[in-house]
Amino acid sequence: MTAFKSDFLRVLSERGFIHQISDPAGLDEACAKGPITAYIGFDATAPSLHAGSLIQIMMLHWMQETGHRPIALMGGGTTMIGDPSFKDEARKLLTVEDIDRNLEGIKRVFSKFLDFDGGRALMINNADWLRHLNYVEFLRDVGRHFSVNKMLSYDSVKLRLDREQSLSFLEFNYMILQGYDFVELHRRTGCILQMGGSDQWGNIVNGIDLGHKMERAQFYALTSPLLTTSSGGKMGKTASGAIWLEPDMLSPYDYWQYWRNTEDADVGRFFKLYTKLPMDEIARLAALGGAEINEAKKILATEVTALVHGRTAADQAAETARKTFEEGALAATLPTVEIPTAELSAGLGVLAAFVRAGLAASNGEARRAVQGGAVKVNDVPVADERLTLTAADLVDGVIKLSQGKKKHVLLKPVNLGPIPDGGDWE
RNA sequence: GGGGGAAUGUCCCGAGCGGCAAAGGGGGCGGACUGUAAAUCCGCUGGCUAAGCCUUCGUAGGUUCGAGUCCUACUUCCCCCA
């Protein structure tokens, strides 16, 4: 990598955020000359962003930190289409209501990373212009600049074509709308750079071309590498898969645990990407070898959790983990599931209890866990699946359920909760 | 418009002479070993009031003692011809 003149690119570069830049020298020049405006788009496919978007959020953060103006673009319009890039099949269409509700959850996280005061950072929703487009007008103004031949050549749609899966016309339009977003943002804010994950390269480059043609303006693209550890690739599929950033979808404790379990080889990389710690300190921490690297992982987990959930919650998660793992003590701050007292005094089967606690999806799954020797109640291994829990099992008012060595939940009886509707999931 | 193919365990890929809860792999989870790591080895990976019962192979019918497997229609997708 060449040495960049601008602070912005230098920071991104040394921290490992850069995968590709369309015109590195040109962009560097522009960044060195004065503040620029850049944006990253976020889809509203779920009620929360997950760890995969953290890289993007951090890029916006560093951008502001180095004196530029970031835009978080909410995909209220584009999510109505669904980005087909590198997807092997079409996604289910979301309703407008779902999208708007999802946006509410997504917006929340940005205020923790960006300072929106006085327009130093912007949050814009592309629904503002996309939902009211006039079709024929749009085709004549924008559509004529796109070549289908070229669009078909992008890697992002190749997967779909190669697998002989249908790529609907609806989805095919996604990159056109994304390109148009770029132009629209340029008009509104003078934005000249779009960033994103490396899977967005094709879409972004399309926007650059459109900018040339419609605005006679020089746009730039910058992409980040794709997160590729175990769960990174295919997040968000199964119930336990995604690492959500919203505390009501994933507790700060579980979030902390996720980072605590980082592979040795990823520690340095994650410190650079996901924390604000200075580079020399990161170098020191990442250099720790053998068992000592565990100390670095704890710091990593606490730092990353602090950014998303606040310092207090992060320290608490660290403390809970310390008690649970290092002292073997019962920490009252472990994730807790409440059940009506009556249910316990009537006698609650272990299997049902584990299902109740969300540690198993069905009695059968809980049974298998017992047979596999994975289940503990109050740290005592359970061998008999017909074991019944009663008030006698309470320790300090709770029962500790463990599945495997890492997953622990406290079961807490409470008197007359609001409404026991029995559907109290996640 | 005509012709030929495809859809399998709801995480994915993928085998399946009419007796199938359905091979195999990936992924995931658990166990052993460790450092709450990686690698390796082992087990599990439809539901239930479980030696039994129930629900699964695109959808709806049909043939059959019995259908993922055969027939018909439909849906969606792919390919070729016009």
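All values below were derived from every heavy atom in this structure, side-chain atoms included, with hydrogens, water molecules and symmetry-related copies excluded. Letters go in sequence order (proteins before strands), and every chain restarts at 1.
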* To do: Taking the side chain as every heavy atom from C-beta outward, state whether A:I21 and A:T223 have any pair of such atoms under 4.5 Å apart.
  => no

* To do: For B:U49 and B:G43, measure between their C1' atoms and round to the nearest Å.
  => 27 Å

* Integer angstrom distance from the P of B:G58 to that of B:U69 -> 8 Å

* **Along RNA chain B (nearest heavy atom to each residue), the more 5'-positioned of A:A369 and A:E326** => A:A369

* How far does the P atom of B:C80 sit from the matching atom of B:U72, given to the nearest Å? -> 26 Å

* Salt-bridge present (A:D100, A:R131; N to O < 4.0 Å) -> yes

* Structure fact -> Partner of B:A6 under the Watson-Crick or G-U wobble criteria, both distances under 3.5 Å, comes out as B:U76

* Before accepting this row, confirm whether a basic side-chain N of the pair A:D254/A:K407 lies closer than 4.0 Å to the acidic partner's carboxylate O. => no

* To do: Flag the pair A:K297 and A:E263 as a salt bridge only when some basic side-chain nitrogen lies within less than 4.0 angstrom of an acidic carboxylate oxygen.
  => no

* Has the side chain of A:K407 got a donor or acceptor atom sitting under 3.5 Å from an opposite partner on the base of B:U36? -> no

* Structure fact -> A:K405 NZ to B:U34 C1', in whole Å, measures 8 Å

* Starting at the 5' end of RNA chain B, which residue's closest nucleotide do you reach first, A:T262 or A:G372? -> A:G372

* Looking for any heavy atom pair under 4.0 Å, which part of the strands does A:A265 touch: base, sugar-phosphate only, or nothing? -> nothing

* To do: If B:G52 has a Watson-Crick or G-U wobble mate with both distances under 3.5 Å, name it; if not, just say none.
  => B:C48

* To do: Check every strand shown and say whether A:W259 touches a base, only sugar-phosphate, or nothing at a heavy-atom separation below 4.0 Å.
  => nothing

* Please state whether the phosphate of B:U49, meaning OP1 or OP2, lies under 4.0 angstrom from any side-chain nitrogen or oxygen of A:N363. => yes

* How would you list, by chain and number, every residue that makes a side chain to side chain donor-acceptor pair (under 3.5 Å) with A:Q56, sequence neighbours excluded? -> A:S224

* Just say parallel, tilted or perpendicular for the rings of A:H309 and A:Y255, cut-offs at 30° and 60°. => perpendicular

* Asked: Contact class for A:E292 vs. all strands (heavy atom < 4.0 Å): base, sugar-phosphate, or nothing?
  -> nothing

* C1' atoms of B:A21 and B:G16, separation to the nearest Å -> 14 Å

* To do: Take atom C1' in B:C44 and the same atom in B:G9, then report the distance between them in whole Å.
  => 15 Å

* N-glycosidic conformation, B:C20 - syn within 90 degrees of 0, else anti -> syn

* Rounded P spacing from B:C78 to B:C13 in Å -> 16 Å

* Asked: Between A:F270 (CZ) and B:A37 (C1'), how many Å, whole number?
  -> 12 Å

Distances under 3.5 Å between nitrogen or oxygen atoms of protein and nucleotides 38-46 of chain B:
none

* May I have all residue pairs that pass ring pair (Phe, Tyr, Trp, His ring centres under 6.0 Å) and include part of residues 329-382 of chain A, sequence neighbours excluded? => none

* P-based separation of B:G19 from B:G14 [nearest Å] -> 24 Å

* Asked: So does A:E365 pair up with A:R368, basic N to acidic O under 4.0 Å?
  -> no

* **Rounded P spacing from B:U10 to B:C57 in Å** => 10 Å

* Length of the line joining A:F354:CZ and B:C29:C1', which is rounded to integer Å -> 14 Å

